[in-house]
Novice: 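Here it is, the structure in full.
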Amino acid sequence: NANRRLAEVMPSLVRHLHAFAREVNLTVAEWMAAVEFINECGKMSDDRRNETQLLCDIIGLESLVDEITSKVLSTSDSETPSAILGPFYRHNAPLLPNGSSIVKNLAPSLPWYEQAVADSAFVTGRVLSNSGEPIQGAIVDVWHAAPNGLYEQQDESQPDMNFRGRFKTDALGGYAFYALRPVPYPIPDDGPAGRLLTLLDRHPYRPGHIHFVVSAPGFRPLTTQLYDDRDEYIAKDAVFAVKDELVVKFSPREGDPNARWSLQYDFVLGRG
Ligand code: DHB
Ligand code: FE
């Protein structure tokens with residue numbers, strides 16, 4: 001019951017906040033500055049941007065809570081680790097046939113055309129239960145940023161739903177799509193969260209990543225991200241979301257005019 005949980009959680013929160021204030025000798029002026037800061041985050045937030053969430057992310061809170069949640073809910077050691085959803089998920093990405101591309105309107109006139117060709121990748125794998133059986137009819141919902149580091153909804157120049165798609169697994173649990181190797185990019189740093197990063201002498205970059213939400217009836221949905229092992233920010237993610245098991249290696253792909261690289265990755269879901 002929610003009230004009972006609140007009664008359990010609040011005394012601990014208050015105790016830790018008081019201990020923190022005592023430990024650092026927090027003054028009235030400093031506390032008021034923090035209140036203003038949180039207010040500013042709230043005022044900047046709407047359905048396109050969640051600055052308070054971003055603030056939590058740069059202090060590692062969303063990643064920690066994700067870690068705790070997956071420990072509480074997982075029923076086996078073999079499940080694919082989760083990672084944070086992040087602020088750029090969109091519902092109802094186009095449902096596409098396996099083997100098709102989430103890259104829209106790729107044309108030589110694009111400023112990042114050369115990079116998109118050089119990073120073109122075929123991504124394939126299976127969705128499995130934690131006892132190793134293929135799951136047919138699972139939905140693999142995928143999204144990543146453009147080579148300019150912007151998600152489609154942050155960037156007027158990209159078509160709607162660019163670099164987004166949903167794929168349904170076949171009888172062998174298989175999914176397949178064309179995408180791009182992801183590039184590092186800065187989290188939105190033009191607000192209070194970005195100002196805090198600057199004050200702390202921290203950079204705003206996340207390592208290149210591809211987001212996934214994998215779901216199937218009878219299984220717990222998996223929210224996760226895969227990280228490209230070539231990325232210099234793997235060990236210094238601004239939001240602390242990287243896990244070793246989620247770092248992947250793209251291999252050169254021969255004989256496919258549509259992709260220079262391949263990636264093979266199986267997702268393992270827990271029952272529930
Ligand atoms: C955050 C997460 C992302 O995946 C992303 O692309 C940008 C920001 C975040 O945790 O704030
Ligand atoms: Fe992201």
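Read the numbers this way: they start at 1 and go in the same order the structure lists the ligands and their atoms.
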Novice: For Glu40, enumerate each residue passing the side-chain hydrogen bond (donor to acceptor under 3.5 Å, both in side chains) test, keeping only those at least two apart in sequence or located in another chain.
Specialist: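 Glu40 satisfies side-chain hydrogen bond (donor to acceptor under 3.5 Å, both in side chains) with Arg195 only.
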Novice: Going by heavy atoms in the side chains, are Val103 and Tyr178 under 4.5 Å from each other?
Specialist: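 Not in contact.
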Novice: Hey, could you give me each pair passing ring-ring contact (aromatic ring centres under 6.0 Å, His included) that has a residue in residues 231-254? Not counting sequence neighbours.
Specialist: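 Checked against ring-ring contact (aromatic ring centres under 6.0 Å, His included) - neighbours excluded - the pairs reaching residues 231-254 are His203-Tyr233, Tyr205-Tyr233.
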Novice: Below 6.0 angstrom between ring centroids: does that apply to Tyr151 and Phe163?
Specialist: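 No: the rings miss the under 6.0 Å criterion.
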Novice: With hydrogens left out, which residues have an atom under 4.0 Å from ligand 1, given that only heavy atoms count?
Specialist: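 Correct list: Leu54, Asp57, Ile84, Gly86, Pro87, Phe88, Tyr151, Tyr185, Ile187, Arg206, His209, His211, Gln225, Val239.
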Novice: I'd like to know: is the Fe ion (ligand 2) within the 2.8 Å range of an N/O/S atom from Tyr185, strictly under that distance?
Specialist: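 No.
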Novice: With respect to the Fe ion (ligand 2), please indicate if His144 possesses an N, O or S atom at a distance under 2.8 Å.
Specialist: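 No, outside the cut-off.
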Novice: Can you list every pair that meets ring-ring contact (aromatic ring centres under 6.0 Å, His included) and has a residue in residues 3-56, with sequence neighbours left out?
Specialist: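 Qualifying pairs, neighbours excluded: none.
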Novice: Do Ile187 and Leu54 have side chains that approach each other closer than 4.5 Å (heavy atoms only, starting at C-beta)?
Specialist: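 Yes, side chains in contact.
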Novice: Could you give the distance from CD (Gln115) to CG (Asn148), rounded to the nearest 0.5 Å?
Specialist: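 One finds 9.0 Å between CD of Gln115 and CG of Asn148.
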